[in-house]
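Everything on this sheet refers to the single structure shown next.
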There are 2 protein chains.
Amino acid sequence: MTADPLSKVFSALADPTRRDIVARLAVADATVNEISQPYAMSVQAVSKHLQVLEEAGLVSRSRDAQRRPCHLEAEVFDLMTTWIGRYRREAEARYQRLDAVLANLDADTTRANADRSNADMNRNRNHQTGAAS
Amino acid sequence: MTADPLSKVFSALADPTRRDIVARLAVADATVNEISQPYAMSVQAVSKHLQVLEEAGLVSRSRDAQRRPCHLEAEVFDLMTTWIGRYRREAEARYQRLDAVLANLDADTTRANADRSNADMNRNRNHQTGAAS
DNA sequence: CCGTTGTTCAACCAGTTGGTTGAAGAAGGA
DNA sequence: TCCTTCTTCAACCAACTGGTTGAACAACGG
């Protein structure tokens, strides 16, 4: 339960029902009952989902008589996007550098092929093949 | 096991060990053994983590003799960022509109107070936060 | 005051997850 | 061939998850 914030946000959004709830709360605030309407599960189950979202900081709840209107907190998304952005950028930069290296390799290869040398220098080529942009 | 791609990616990144692995693979490809070095857990456990990342499409593996070099696939990140971006943008747009509505409401309120009309026009106030067209 | 509505709490259950250990495959090197 | 290294498979276990039902709590409306 006392996991780090990033883990909580990611695991909160790992459930399709909870993602759907987030999608609907992005359009409009709603009470627990309203939210639970479209789903085949019990209201209690939806209430649990909302607790998870709240614990992750994605949803806040106010009070209106017996009702508990739920509101989407958009700022928490930034936690994820900065994390993701950081490593995606790193990986892409690395990919760019790899491309440059490969370009050099290819140049070498054509030159090497030109004077008919070793044939199996591609043996180690598997790395980058999957990474096509 | 046959969950939708988005769920798989989110839940793969919900584990701090797996996020750390991703962070390290963003810097350089590595074998299972290399990856498992810094962690207190067994190599088998790390192998399982890599299976999860592979199943989520975040990591691909090639073959180099007995070794299985792991490579980070950056494109899958886009699945998440587009999903996140969409609802964050919606929520923020809604927040902007709400701000405008509140500004209008304040103006109306002061005017209404000026000519002393009906007092319960706020009865239905809860809904509108979401309903701002 | 009592009944109704909206929400949560508590106990329970089946399935998944994150780890363990032990054994087995796969491939190189002596 | 045999030994060693890297990796995965299989069985097991404790803890967590996502759902259930039944009861309780909170607040309005007669």
Side-chain angles (χ1 to χ4, degrees), chain A residues 1-4 7-22 25 29-56 58-71 120 123-124 126-127, chain B residues 1-4 6-22 25 29-56 58-71 120 122-127 130:
Chain A
M1 283 289 182
T2 45
D4 60 301
S7 295
K8 284 194 243 177
V9 184
F10 275 122
S11 92
L13 293 179
D15 184 281
T17 305
R18 286 196 289 261
R19 281 200 307 277
D20 194 59
I21 292 177
V22 166
L25 287 180
D29 291 2
T31 69
V32 178
N33 238 323
E34 289 165 354
I35 294 172
S36 76
Q37 293 303 335
Y39 305 118
M41 69 189 76
S42 67
V43 190
Q44 291 96 319
V46 174
S47 181
K48 280 196 192 177
H49 280 307
L50 286 168
Q51 281 180 45
V52 174
L53 290 170
E54 187 175 28
E55 175 72 16
L58 280 159
V59 155
S60 66
R61 290 143 125 173
S62 44
R63 234 256 119 106
D64 171 35
Q66 322 100 298
R67 263 144 277 149
R68 302 292 310 276
C70 300
H71 175 77
D120 68 336
R123 217 193 82 265
N124 219 7
N126 335 342
H127 283 343
Chain B
M1 282 294 181
T2 46
D4 60 301
L6 210 40
S7 296
K8 284 194 241 177
V9 183
F10 275 122
S11 92
L13 293 178
D15 184 281
T17 304
R18 286 195 290 260
R19 281 200 307 278
D20 195 58
I21 292 177
V22 167
L25 287 179
D29 292 2
T31 69
V32 179
N33 237 324
E34 288 165 354
I35 294 171
S36 75
Q37 294 302 335
Y39 306 118
M41 68 188 76
S42 67
V43 190
Q44 291 96 318
V46 174
S47 181
K48 280 195 190 178
H49 280 306
L50 285 167
Q51 281 181 46
V52 174
L53 290 170
E54 189 175 26
E55 174 72 15
L58 279 159
V59 155
S60 66
R61 290 142 124 172
S62 43
R63 185 121 247 167
D64 171 34
Q66 324 99 299
R67 263 143 277 147
R68 303 292 310 276
C70 300
H71 175 78
D120 69 335
N122 300 355
R123 218 192 81 265
N124 219 6
R125 252 306 220 358
N126 336 338
H127 281 329

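Order of the sequence lines sets the chain letters (A, B, ...), proteins ahead of strands, with each chain counted from 1. Basis for what follows: all heavy atoms, side chains included, without hydrogens, waters or symmetry-related copies.
The nearest heavy atom of DNA chain D to A/Q44 and to A/S11 marks one nucleotide each, and the one closer to the 5' end goes with A/S11. Position along DNA chain D of the nearest nucleotide to B/V32 versus B/K48 favours B/V32 as the more 5'-ward residue.
Proximity of B/S42 to the phosphate of C/dT20: a side-chain N or O atom is located under 4.0 Å from OP1 or OP2. Dashed line: the shortest gap from a side-chain N or O of B/S47 to OP1 or OP2 of D/dT7 is not under 4.0 Å. Not one side-chain nitrogen or oxygen of A/R63 sits closer than 4.0 Å to the OP1 or OP2 atom of D/dC28. The side chain of A/R68 contributes no N or O atom lying less than 4.0 Å from OP1 or OP2 of C/dG6. For the pair B/R61 and D/dT8, the criterion of a side-chain N or O lying under 4.0 Å from OP1 or OP2 is met. The side chain of A/T31 contributes no N or O atom lying less than 4.0 Å from OP1 or OP2 of C/dG6. Between A/R67 and D/dA26 there is no side-chain N or O to OP1 or OP2 distance below 4.0 Å. The phosphate of D/dT7 has OP1 or OP2 within less than 4.0 Å of a side-chain N or O from B/N33. Phosphate contact (OP1/OP2 of D/dG19, side-chain N/O of A/H49, threshold under 4.0 Å): present. Phosphate contact (OP1/OP2 of C/dT8, side-chain N/O of A/Q66, threshold under 4.0 Å): absent.
Using a 4.5 Å cut-off on side-chain heavy atoms (C-beta onward), A/N33 and A/R67 make no contact. Counting heavy atoms from C-beta outward, A/R63 and A/R68 have side chains that approach closer than 4.5 Å.
Atoms CG (A/D64) and P (C/dT5) sit 17 Å apart, rounded to a whole Å. Regarding B/D15, its CG atom lies at a distance of 15 Å from the C1' atom of D/dT17, rounded to whole Å. The separation between B/L50 atom CG and D/dT8 atom P is 8 Å, rounded to whole Å. The distance between atom NZ of B/K8 and atom P of C/dT16, rounded to the nearest whole Å, is 14 Å. Going from atom CZ of A/R19 over to atom P of D/dG18 covers 12 Å, rounded to whole Å. The CZ-C1' distance, from B/F10 to C/dT17, rounds to 19 Å in whole Å. Regarding A/Q51, its CD atom lies at a distance of 15 Å from the C1' atom of C/dG6, rounded to whole Å. Distance CE (A/M41) to P (C/dC13): 21 Å, rounded to an integer number of Å.
Side-chain atoms of B/R19 come within 3.5 Å of backbone atoms of B/L13 as a donor-acceptor pair (strictly under, hydrogens ignored). Looking only at distances, no side-chain donor or acceptor of A/T31 sits under 3.5 Å from a matching main-chain atom of A/P69.
Applying side-chain contact (heavy atoms from CB on, under 4.5 Å) to B/C70 and the options B/D29, B/L58, B/I35, B/I21 leaves one that passes, B/I35.
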